[in-house]
Amino acid sequence: MNYNDTPRHQGLRKRLVDGLKIKGIRNEKVLEAIGKVPRHLFMESGFINFAYKDQAFPIGAGQTISQPFTVAFQTQLLNIQKNEKVLEVGTGSGYQAAVLVEMGAKVFTIERQRELYLKVQKFLPSIGYSPACFFGDGYKGLPNLAPFDKILVTAGAPSIPQELKLQLKIGGTMVIPVGDKNRQEMYEIVRVAENDFTSKKHGGFVFVPLLKGTVNN
Ligand code: SAH
C-alpha cells in the first residue's frame, strides 16, 4: 500500500499490541490485525502522536475513535472467523471496520452522520480496506442484507434494539454496550434458536451514545 507507515509507526504499533496482551487480550488474530492496521492514518493530523497510545480520540463531528483496548475487547468477544458476515453499527473513523476486514470478515458498516460516512467511504479503500459502507440509522440495522453471523455496536445503547437481535443468524453473536450515557455494560448476546437468546455481561465501558435518526450535513 502506498501510504506513510514508517518503522517508527510499526514499532509503536508493536508496543501497543504488547500493552494489549498485558491488559488481557489473548486472541492472536485480533492482536495481529491491530498490529497491522495503521491507526495513525485514522486520526486528525494534530493528534497523530497519540495514535498508538491506548486511548480514545476525537475524530470530528463530535465523535471519537474507540480506544484500542475497547476495539480489541469487542473484537475478541465476537470471535471472528474468516468470511463471516459482520454488521458494525457506528462506523465513526472506520478503524474498527478496518480491523474486522483485516481479520478476513465480510464487513457491512453503518453510520448515522453523513459527513463521517462520506469521509470513511473514500478513505478506507485508499489504504486497502473495502468494507461495504452505509449511511443510515443503525438502530434499524440492514434488514435487506441480514442475517449476519456477528453484529458489533460501537456506541452506547440505552437498551438492546430488537431489530438488531432479529438480524442475527441462529448461532450468531452480537456485542453491544448497554447503559446510560455515563457508563455501559458490555453485553454478549447469542441467538441460540429462532426465539431464544442468551446474554452475558463483560464489565463497564464508556462509549458515545447510540442515537436515533440520521444527520445529513
Ligand atoms: N467504530 C468506531 C467508533 C465510533 S464512535 C471507530 O472505530 O472509530 C460511535 C459512532 O457511532 C459515531 O460515529 C456515531 O455517529 C455513530 N452512531 C451513533 N448512533 C448511531 C446509529 N443509530 N446508527 C449508526 N451510527 C451511529
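Start at 1 with the first residue, then count along the sequence. Read the numbers this way: they start at 1 and go in the same order the structure lists the ligands and their atoms.
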Check your understanding: Which part of Q96 is near ligand 1, with near meaning a heavy atom under 4.0 Å away: side chain, backbone, both or neither?
Key -> both

Review point. If we ignore angles and hydrogens, is there a donor and acceptor under 3.5 Å between the side chains of Y117 and Q113?
Key: no

Check your understanding: Going by the order shown, which atoms of ligand 1 are within less than 4.0 Å of some heavy atom of Y139?
Key -> 22 (N)

**Study point:** Numbered atoms of ligand 1 (with element) below 4.0 Å of T154, judged on heavy atoms
**Key:** 1 (N), 2 (C), 3 (C), 5 (S), 9 (C)

Practice item. Using a strict 4.0 Å cut-off to heavy atoms of I110, name the atoms of ligand 1 that fall inside it. Key: 24 (C), 25 (N)

Check your understanding: Are any of the N or O atoms of I65 closer than 3.5 Å to those of ligand 1?
Key -> no

**Study point:** Nearest non-hydrogen protein atom, atom 8 (O) of ligand 1
**Key:** S93 OG, 2.6 Å

Exercise for review: With heavy atoms only and a cut-off of under 4.0 Å, state how V208 meets ligand 1: side chain, backbone, both or neither.
Suggested key: side chain

Practice item. Identify the protein heavy atom lying closest to atom 3 (C) of ligand 1, giving its residue, its atom name and the separation to 0.1 Å. Key: S66 OG, 3.4 Å

Revision key, fill the gap. Nearest heavy atom to atom 13 (O) of ligand 1, choosing from K212, R112, E111, belongs to E111

Point to revise | Identity and separation of the nearest protein heavy atom to atom 5 (S) of ligand 1 | key: T64 O, 3.3 Å

Practice item. Report the part of V71 (side chain from C-beta onward, or backbone N, CA, C, O) that has a heavy atom under 4.0 Å from ligand 1; answer both or neither where that applies. Key: neither

Exercise for review: Pull out every atom of ligand 1 sitting under 4.0 Å from any heavy atom of G92, numbered as shown with elements.
Suggested key: 4 (C), 13 (O)

**Study point:** For the student: nearest non-hydrogen atoms of Q76 and N27, plus distance
**Key:** OE1-N, 2.9 Å

Revision key, fill the gap. Within the 4.0 Å heavy-atom cut-off, what P209 brings close to ligand 1 is backbone

Point to revise | Protein heavy-atom partner closest to atom 23 (N) of ligand 1 - residue, atom, separation in Å | key: G138 N, 2.7 Å

